[in-house]
Amino acid sequence: MAEIVLEIPPRLDYLAVVRLVVATAAALDPPLPESRLDDLRLAVTEACSNAIKAHRPEAADQPVVISCHLDEDRFRVDIRDRGPGFDPDALRSLPAPTDPSRLQHESGLGIPLIKVLTDDVTFQPAGDGTIVSMTLKRPPAPPI
Amino acid sequence: MAEIVLEIPPRLDYLAVVRLVVATAAALDPPLPESRLDDLRLAVTEACSNAIKAHRPEAADQPVVISCHLDEDRFRVDIRDRGPGFDPDALRSLPAPTDPSRLQHESGLGIPLIKVLTDDVTFQPAGDGTIVSMTLKRPPAPPI
Amino acid sequence: MELEIQDTDVQGWTVVTASGEIDVATAPELRDRLTDLIEAGTTRVIVDMEDVDFIDSTGLGVLVGGVRRARGSEGGDVRLVCTNPRILKVLQATGLHEVFIIGADVDEAVSAEPR
Amino acid sequence: MELEIQDTDVQGWTVVTASGEIDVATAPELRDRLTDLIEAGTTRVIVDMEDVDFIDSTGLGVLVGGVRRARGSEGGDVRLVCTNPRILKVLQATGLHEVFIIGADVDEAVSAEPR
Ligand SMILES: Nc1ncnc2c1ncn2[C@@H]1O[C@H](COP(=O)(O)OP(=O)(O)O)[C@@H](O)[C@H]1O
Ligand SMILES: Nc1ncnc2c1ncn2[C@@H]1O[C@H](COP(=O)(O)OP(=O)(O)O)[C@@H](O)[C@H]1O
């Protein structure tokens, strides 16, 4: 199992770097298919932008740490922040798209998107912050 | 001063990721000019491929660590390996290009290239390995 | 992300052509442009997303806010031009394809029935 | 890196068109192809580098080795087609522009005086 670790300052303009690294790591052998790379780029952006925001203002000088775990059958990426933590089960869900009040909500799509885009996600409190772990399964290798 | 840190397994197929990250970091505000980004990509490839080779076979399970230091007036990248160390001053220089014996040498261009491409480079023994520190100066900001 | 704003001669619709990546770092610029347009009375806006290769939840939220503001005026709307399967997939995954009017080109977006 | 090998009808020269990144990870493939050609008697080889956007010292070393092997035969050589300033700069920085014969296109590379 290989591991790639990236540490960035908690600044939103580093998100493009994070997307690049994680997608490049996931495209290494055996690569995730292109459409799953899209899912991964978006899920990582959402989790990482939450992490970066969670560093404001107390942990502005601490890094957000992104680690990629490359296994034969799955790709896992962990986003670790030093924010205040939160309870993902306590988040209110958004009104249905056909409900006129849906238009009142400009935020709150990040975690629902992560759940749809990944095969598995966990949110673990980690002492002084949160680790969001997202897993995408690799397709089985074609028979030889 | 911001800092981006990347850890990779000591495998040559990760060099493309390293180039991407370092060049993306150096292109952040204030960006290095495009031609200096080329210099940086090549210098980092050379230093990092030496670091990866230095991990064979003893440190094959230890990461090579690349850290980028973004200052107003300069960009510095440190490549840290856990290899056996070496004496850069003891390296033999290559024959002149016009000397027919030049063709006998297929290697040994890495460190000479690093020296030409960067504004400054140091090789520090670091306990159980080497830190290669390369600096490229940013051009002065244009007057407002 | 790059933005370009162009008036069309179709029924007073204005086209905002976005390109590149609309993420939490760049979306505020799109929000400002949309808000400026709508507050200045240009309440019929098409956002052309054909050259957008990435959008995140913040970008989507900006579009939702634009729709709300625009639909607050009689005949106003923010509509999308989008055929890129990457982006359509995200609109579907969030249910927002039922909120936005999405056309394959400006004509189609303009002539769709209001929601 | 991608490699494509094509015979030309010019004086028995064979063109190897490389594209992408030639680095320590991909250069061994180029080395193998060059060595195979030269050992099979194809000692007049042009490496077309017009679509190469990156080369490192290992890639350069592979070209040096190719030149040595090819020049070992009467009339043999490995010559380069290269106009990309990025790559030319690296050839210059290493002094290798004085080792290789470099043309702006295949014709120029083929018709240059041997070194
Ligand atoms: N890593 C985190 N640390 C602390 N709070 C978080 C974290 N991730 C998400 N949250 C909380 O959960 C809320 C919902 O997140 P999300 O679904 O991504 O929507 P949004 O970021 O648009 O609010 C956030 O507003 C924030 O309060
Ligand atoms: N980080 C390092 N750790 C140990 N030895 C190194 C390191 N970097 C370079 N060297 C030694 O210096 C030599 C010359 O390096 P270089 O100029 O890059 O050429 P090459 O890698 O082609 O031999 C290497 O062959 C290696 O023995």
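Per chain, numbering begins at 1; letters A, B, ... match sequence-line order.
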Can you check whether [X] reaches [Y] side chain to side chain, under 4.5 Å on heavy atoms?
X	Y	value
B:T24	A:L20	yes
B:I4	A:P9	yes
A:Y14	B:L28	yes

Atom CD of B:E34: over 12 foreign heavy atoms under 6.0 Å: yes
Gap between atom CG of A:L6 and atom CD1 of B:I8 - 0.5 Å precision: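 With rounding to 0.5 Å, CD1 (B:I8) is 12.0 Å from CG (A:L6).
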Contact listing (chain A partner; residues 106-118 of chain B; heavy atom under 4.5 Å): none
